[in-house]
Student: 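Have a look at this one.
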Amino acid sequence: MGGGGQLKKPGEPDCEKGRGVYTWEEVKSHSSRSDQWLVIDRKVYNISQWAKRHPGGFRVISHYAGEDASEPFAAFHPDPKFVQKFLKPLLIGELLPTEPSHDQNKNEDIMQDFHSLREQTKNQGLFDARPLFFCLHLGHILLLEALAWIILWYWGTSWTLTLLCSVILATAQSQAGWLQHDFGHLSVFKKSKWNHIVHKFVIGHLKGASANWWNHRHFQHHAKPNTFMKDPDIYMLDFFVLGDVQPVEYGVKKIKHMPYNHQHLYFHLGMFHKIDFNNLFCLLKDLSWSMTFYLRYFWCYVPFYGVFGSMVFYIFIRFLESHWFVWVTQMSHLPMEINHEKQQDWLRMQLKTTCNVEPSFFNDWFSGHLNFQIEHHLFPTMPRHNFHLVAPQVRALCEKHGIQYQVKTLWQGLADVVK
């Protein structure tokens with residue numbers, strides 16, 4: 001049997017067979033598209049077939065093929081014991097006793113200290129969500145949507161009121177974006193199932209987008225931020241080249257007449273590789289959820305503006321919201337290091353590619369607490385209302401190991417994106 005009670009597919013490991021011991025060189029040799037091993041807590045797993053059924057998408061788990069995935073595994077899975085039932089059939093052995101626990105350029109002392117910090121934050125209850133916080137956040141989104149409709153219904157559709165309501169609705173959409181982000185990261189409910197259900201409602205019904213599409217892209221960004229061919233957020237080659245390395249490499253390959261965009265295109269289309277019936281069913285469910293958003297929107301605003309006017313109104317709202325979203329999400333990453341895979345430990349990888357924007361009531365609300373981007377990347381399943389509590393502990397750990405912990409003003413963060 002494979003993970004999740006499914007029949008074992010050809011090429012998948014059999015848990016009844018004897019397990020072996022392996023060196024890091026052997027593990028690294030299994031990092032191709034069709035042959036993938038990884039290590040978690042010194043145990044070696046064959047994920048070649050399982051990757052295609054991975055709930056977070058096959059790309060995010062494949063990015064760690066041939067590597068030690070202990071730290072991202074702990075970061076992304078709030079209930080490791082539950083995940084063990086999927087891992088057990090994939091177990092093929094463990095590292096040789098003489099092999100180090102971690103590969104490549106990872107610092108054992110930093111990893112041990114960060115592991116201790118994670119356990120400390122769990123004991124402090126910082127992974128426990130406050131339901132009232134998220135209920136109030138949802139309430140203020142619904143209130144903004146209702147307010148916009150009432151203004152148009154009661155006072156009419158003048159240019160001034162239309163502009164006012166578009167700002168109100170863009171605000172509601174941006175705040176809904178932060179809320180779906182919370183559920184998508186499994187940071188609200190103890191059970192992943194409930195997070196997934198509410199995530200589909202918020203991103204589908206309140207925003208008209210796909211939960212599966214978001215999962216497949218966003219988890220890659222968290223797993224390997226600002227890493228070429230692994231973080232989809234840094235590929236804007238139709239418009240921009242980013243950082244210090246990408247412009248040089250793009251220029252060299254362009255001069256040599258090499259098809260630089262081919263791999264980039266494949267990278268973006270990777271989530272559609274071999275769509276099976278399960279993936280198709282998920283896509284259809286997401287489509288159903290998003291259709292409820294568009295039906296509700298046009299039912300509310302066609303009586304005011306007509307079909308064409310409602311479409312223009314919607315596009316303008318998205319125009320405002322998209323600027324809000326992009327500036328907030330990119331000011332913590334684009335000015336940071338953008339480079340090839342370096343296979344560093346979790347703490348150093350995240351701190352080199354992420355910075356914070358100083359906290360305030362407005363900044364926290366405006367950014368959905370993503371101004372604490374460092375803490376969010378280190379602890380992606382932690383409820384955002386606890387970021388300010390863990391931040392001093394993260395800063396102290398960085399100071400201990402000489403790792404730069406960057407905090408900027410909001411205006412400096414926005415200016416750095418332009419620069």
Side-chain angles (χ1 to χ4, degrees), residues 134 136-152 157 159-185 198-215 217-218 221 232-233 236 238-240 286-287 289-302 304-305 307-334 357 361-371 373 376 384 410-411 413-414 417-418:
F134 295 102
L136 291 175
H137 192 84
L138 174 61
H140 104 287
I141 293 168
L142 299 177
L143 184 63
L144 287 169
E145 293 211 355
L147 177 62
W149 187 86
I150 290 170
I151 288 173
L152 296 174
T157 58
W159 281 101
T160 303
L161 291 177
T162 296
L163 180 60
L164 173 63
C165 289
S166 64
V167 172
I168 292 173
L169 289 173
T171 302
Q173 283 295 296
S174 293
Q175 294 300 321
W178 311 143
L179 185 62
Q180 70 82 21
H181 182 264
D182 297 318
F183 290 104
H185 274 292
V198 181
H199 184 220
K200 288 182 181 296
F201 165 76
V202 177
I203 196 173
H205 183 67
L206 296 185
K207 288 193 64 63
S210 165
N212 281 281
W213 167 82
W214 184 88
N215 286 340
R217 284 184 61 89
H218 192 66
H221 162 68
D233 286 4
M236 307 179 188
D238 293 329
F239 301 98
F240 304 111
D286 282 0
L287 179 63
W289 273 112
S290 61
M291 285 303 297
T292 65
F293 166 81
Y294 292 104
L295 289 172
R296 175 173 60 87
Y297 171 82
F298 284 108
W299 181 79
C300 287
Y301 294 103
V302 165
F304 297 131
Y305 296 107
V307 175
F308 180 75
S310 296
M311 293 177 65
V312 174
F313 187 48
Y314 169 78
I315 291 171
F316 184 63
I317 292 166
R318 285 292 187 216
F319 170 80
L320 296 176
E321 181 230 348
S322 64
H323 280 275
W324 186 335
F325 170 80
V326 170
W327 285 99
V328 167
T329 56
Q330 297 307 316
M331 64 185 177
S332 294
H333 291 297
L334 285 193
V357 170
F361 179 81
F362 175 79
N363 286 357
D364 294 354
W365 172 84
F366 182 75
S367 67
H369 290 84
L370 293 182
N371 52 325
Q373 194 74 217
H376 171 56
R384 58 171 149 135
L410 178 63
W411 296 113
L414 299 178
V417 173
V418 177

Student: How long is the gap from CZ on R217 to OG on S210, to the nearest 0.5 Å?
Tutor: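 Separation between the atoms: 12.0 Å.
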
Student: Output the distance between atom OG1 (T292) and atom CG (L287), rounded to the nearest 0.5 Å.
Tutor: 10.0 Å

Student: Can we call the ring centroids of H376 and H181 under 6.0 Å apart?
Tutor: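 For H376 and H181, the ring centres are under 6.0 Å apart.
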
Student: Do the side-chain N and O atoms of D286 and N212 include a donor-acceptor pair separated by under 3.5 angstrom?
Tutor: yes

Student: How many angstroms lie between atom CD of Q330 and atom CG of D233, to the nearest 0.5 angstrom?
Tutor: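 It comes to 5.5 Å.
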
Student: Quick one, W214 and K207 - any side-chain contact, counting heavy atoms below 4.5 Å?
Tutor: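 W214 does not reach K207 side chain to side chain.
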
Student: Is it true that a side-chain atom of Q175 and a backbone atom of A172 form a donor plus acceptor pair closer than 3.5 Å?
Tutor: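 Here the side-chain-to-backbone pair does not exist.
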
Student: What pair of heavy atoms forms the shortest contact from V417 to L334, and how long is it?
Tutor: CG1-CD1, 4.3 Å

Student: Applying side-chain contact (heavy atoms from CB on, under 4.5 Å) to Y301 and L152, what does each step give before you reach the verdict?
Tutor: CA-CA 9 Å; Y301 294 103; L152 296 174; 3.6 Å; yes

Student: Are Y314 and F298 an aromatic pair by the rule of ring centers under 6.0 Å?
Tutor: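 When the ring centroids of Y314 and F298 are compared, they turn out to be at least 6.0 Å apart.
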
Student: Any chance you could measure T171, atom OG1, to I317, atom CD1, to the nearest 0.5 Å?
Tutor: 10.5 Å

Student: Please state whether the rings of H205 and F201 are parallel, tilted or perpendicular, taking 30° and 60° as the class boundaries.
Tutor: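 Because their plane-to-plane angle is under 30°, the rings of H205 and F201 count as parallel.
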
Student: Any side-chain heavy-atom pair from V202 and I141 closer than 4.5 angstrom?
Tutor: no

Student: Using only atom types and a distance under 3.5 Å, with no angle test, would you say the side chain of Q373 pairs donor to acceptor with the backbone of L370?
Tutor: yes

Student: Measuring only between side-chain heavy atoms, which start at C-beta, is W327 closer than 4.5 Å to V418?
Tutor: yes

Student: From the options W324, W178, F361, F325, select the one residue that forms a ring pair (Phe, Tyr, Trp, His ring centres under 6.0 Å) with F366.
Tutor: W324

Student: So, for F293 and G204, which heavy atoms are closest and what is the spacing to 0.1 Å?
Tutor: CB-O, 3.3 Å

Student: Determine whether M331 and L410 satisfy the following criterion, side-chain contact (heavy atoms from CB on, under 4.5 Å), listing intermediate values before the conclusion.
Tutor: CA-CA 9 Å; M331 64 185 177; L410 178 63; 3.6 Å; yes

Student: Starting at NZ of K200, measure out to OG of S290 and round the result to the nearest 0.5 Å.
Tutor: 10.5 Å

Student: Test side-chain contact (heavy atoms from CB on, under 4.5 Å) on Y305 and T162; report intermediate values, then the result.
Tutor: CA-CA 10 Å; Y305 296 107; T162 296; 2.8 Å; yes

Student: Do the side chain of E321 and the main chain of F316 share a donor and acceptor less than 3.5 angstrom apart?
Tutor: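 Checking the backbone N and O of F316 against the side chain of E321, no donor-acceptor pair under 3.5 Å is found.
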
Student: Could you grab the distance from atom CG of L169 to atom CG of L164, nearest 0.5 Å is fine?
Tutor: 9.5 Å

Student: Using the ring of each side chain (for Trp, its six-membered ring), is F319 parallel, tilted or perpendicular to H323, with breaks at 30° and 60°?
Tutor: perpendicular

Student: Does a side chain donor of either R384 or H185 reach within less than 3.5 Å of an acceptor in the other side chain?
Tutor: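 Looking only at side-chain atoms, H185 and R384 do not form any donor-acceptor pair under 3.5 Å.
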
Student: Please report the C-alpha distance between L320 and S166 in whole Å, then the side-chain angles of each, then the deciding distance to 0.1 Å, and finally whether the side-chain contact (heavy atoms from CB on, under 4.5 Å) criterion is met.
Tutor: CA-CA 8 Å; L320 296 176; S166 64; 4.0 Å; yes

